[in-house]
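Encoded as structure tokens, the structure appears first; notes follow it.
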Amino acid sequence: MASVSIAQPHTLAGARVARGAQASARSARVAATVPVGGTKIALISRSQSSWGPGVEALRRGPSVGRNARRFAGVSADAAAAATSDAAPEKSTVVTDIIAGVSTACVAMPQSCAYALLAGTGVKCAVMAAAAASIPCAILGSSRYLQVGCLSLGALLTRGALVNLGIPLGSEVYVMGAATLAFYAGVTRVACGLARLGNIMTSLPVSILQGFVWAATWMVFFSQVPAMVGATASGPLAGHFATAAAWLAAHPMIWHPGTFALAAATFVIMLNGGKIHKMFPSALVCCVLGCVLAATGVDVGACVGAIHVDLGSLFPPAALQIGPTIAKALVVPGVALGVITYLEGAAVCRFWAEQDGEEWSSDKELVAQGVANICSAAVGGMTVAGVISRSSFGILSGAKTKLSHFVTGCCLIAFTVLGGGALLEVLPKAVLGALVSCGVLPLLGPTPKMKPLFDNIKAQPYEVKRDCILACATAVFTFTARPTLDIGLYRGIGLALLFKLFEKTRDLDKKKNEEFEKAQNA
């Protein structure tokens, strides 16, 4: 079975960065426009598909995790250019600073949206975003990868904590989220020091496609209540999918202002790039929502202001949780550290193939591990590589890790200098729509699933096997209890059964061939 990096479910970015082959990059024409984080960006050259690096990796299925220096396809000239480009010049410093500030404007509303998905409250994600960027900028190997909160990580965090019966948004719940971030960080640091990066980034394509497809739909369903301003009731309210279906069947209980604002957010997000490739769609949506709420327009519930007391950060929240809950979160925390790391690895691999940038999966593991430990220290949630935010940074002019450092400084300044007061009038409808827009490209059937609708009986065995694995993993994930990652484990178990069947079949075939040879002799 082929292997591939897991793609981030909310990825919408597309980017072909050609630092090591700048001449060809200048001649490449932009041919498609897709949303990135909070904007719509035209980034697809003639030689690339309309999917971003993470989505493209998921759909093509290349193996990932090996350092770029192993690729013989990278020319010596391209590698030399990439090396010389790594050192910041005077002309790139200003560009990196501008790119860092621009990316921070996208990162903040993005983080708030994922906090609501995780159920932790906005402060948890804001602190994570502020604490994670600078460690990765210093320790990471990729010039392009931005680190922060992400939808899959938020969904897995929610599942792990709700499974323990902890009330959403409670103090213990936030402590549990920080504890998961700590376990995820320790796991990544340990795997990085043990040089397990190449092993971690190789899994069957079909399993990952099925898991990501199902998780993406779960993310979308989870945002329906925020976008319509109502909640489901009755026996169907216990699952994201059935709750969304119940709300769709009862439009009379929707909040008109909430639904209208969510619809307006969709329109801006999906069309903002037509105005300009750098149009800050997410920021415009947030400003629009804040203005409407501040002027008295009824747009539904708002996030609410957050206040950061630096003195309350010690002792860390992750160390204050009870020993029983701490032990129960060990396994989910380790799984969270592995699964969410794979997403950022996809984009590192993509850029390594494009411009010869040397990156180390082991070094990235250590960097992101330290970032998660820092996030846990300030009461934040799990972080990982964010492909959409990284692509936005590239479009904004990011050339070195300085841009990531600047993004971290801006997020810290926003948090420490009282920027959280601005969230008092930020409607939840905007954040729910931002998350939903982010997963739109991954809602369709994946390539491994498509044979199911195209005369699957006539397909070769390998195609049938991969289709069954993808579809079965999706079903396992949809029905997974108590957490989504159980669906991934069941898919891996099914893949092992297929492998055992194939080994047995090949052994029987070999014995039959030997028997026939003996008979003929």
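- In this structure, the separation between CG on Leu434 and SG on Cys286 is 5.5 Å, given to the nearest 0.5 Å.
- Judged by distance alone, the side chain of His255 and the main-chain N or O of Ala230 form no donor-acceptor pair under 3.5 Å.
- Under a 3.5 Å cut-off, the side chain of Trp217 and the backbone N or O of Leu443 do form a donor-acceptor pair.
- A side-chain donor-acceptor contact under 3.5 Å links Glu364 to the backbone of Ser142.
- Side-chain contact between Cys112 and Leu423: present, with at least one pair of heavy atoms (C-beta onward) separated by less than 4.5 Å.
- Between the Asp362 side chain and the Gly197 main chain, a donor and an acceptor come within less than 3.5 Å of each other.
- For the pair Asn271 (side chain) and Val267 (backbone), a donor-acceptor distance under 3.5 Å is present.
- Met449 approaches Ala474 most closely through the heavy-atom pair CE-CB, 3.8 Å.
- Ring geometry for Phe221 against Phe478 counts as tilted: the plane angle lies between 30° and 60°, on a 0 to 90° scale.
- In this structure a side-chain-to-backbone donor-acceptor pair under 3.5 Å is missing from His250 to Ile253.
- The local environment of OH in Tyr173 is crowded, with over 12 non-hydrogen atoms from other residues, nucleotides or ligands closer than 6.0 Å.
- No side-chain donor-acceptor contact under 3.5 Å links Arg195 and Ser360.
- Closest non-hydrogen pair, Met381 versus Ala118, comes out as CE-CB, 3.6 Å.
- Checking side-chain atoms of Lys428 against main-chain N and O of Gly300 turns up no donor-acceptor pair under 3.5 Å.
- Across all their heavy atoms, Thr340 and Gly153 have their closest contact at CG2-CA, 3.7 Å.
- Among all heavy-atom pairs drawn from Tyr341 and Ser361, the shortest one is OH-O, 3.0 Å.
- Considering Ser375, Cys136, Ser133 in turn, Cys136 is the only one that fulfils the side chain to side chain contact (heavy atoms under 4.5 Å, CB included) rule with Val147.
- Remark: side-chain polar atoms of Arg188 are not paired, donor with acceptor, to backbone N or O of Val366 under 3.5 angstrom.
- Side-chain atoms of Leu440 and Leu270, non-hydrogen and from C-beta on, do get closer than 4.5 Å to each other.
- Between the side chain of Asn372 and the backbone N or O of Val383, at least one donor-acceptor pair lies under 3.5 Å.
- For the pair Ala495 and Ile207, the tightest heavy-atom approach, listed with the atom from each and the gap, is CB-CD1, 3.5 Å.
- Remark: the backbone N or O of Leu247 is paired with a side-chain donor or acceptor of Trp254 at under 3.5 angstrom.
- The shortest non-hydrogen separation linking Tyr183 to Leu329 is CD1-O, 3.3 Å.
- Looking at Leu156, Leu155, Leu336 one by one, the single match for side chain to side chain contact (heavy atoms under 4.5 Å, CB included) with Asp485 turns out to be Leu156.
- Side chains of Cys302 and Leu426 form no contact here, defined as non-hydrogen atoms less than 4.5 Å apart.
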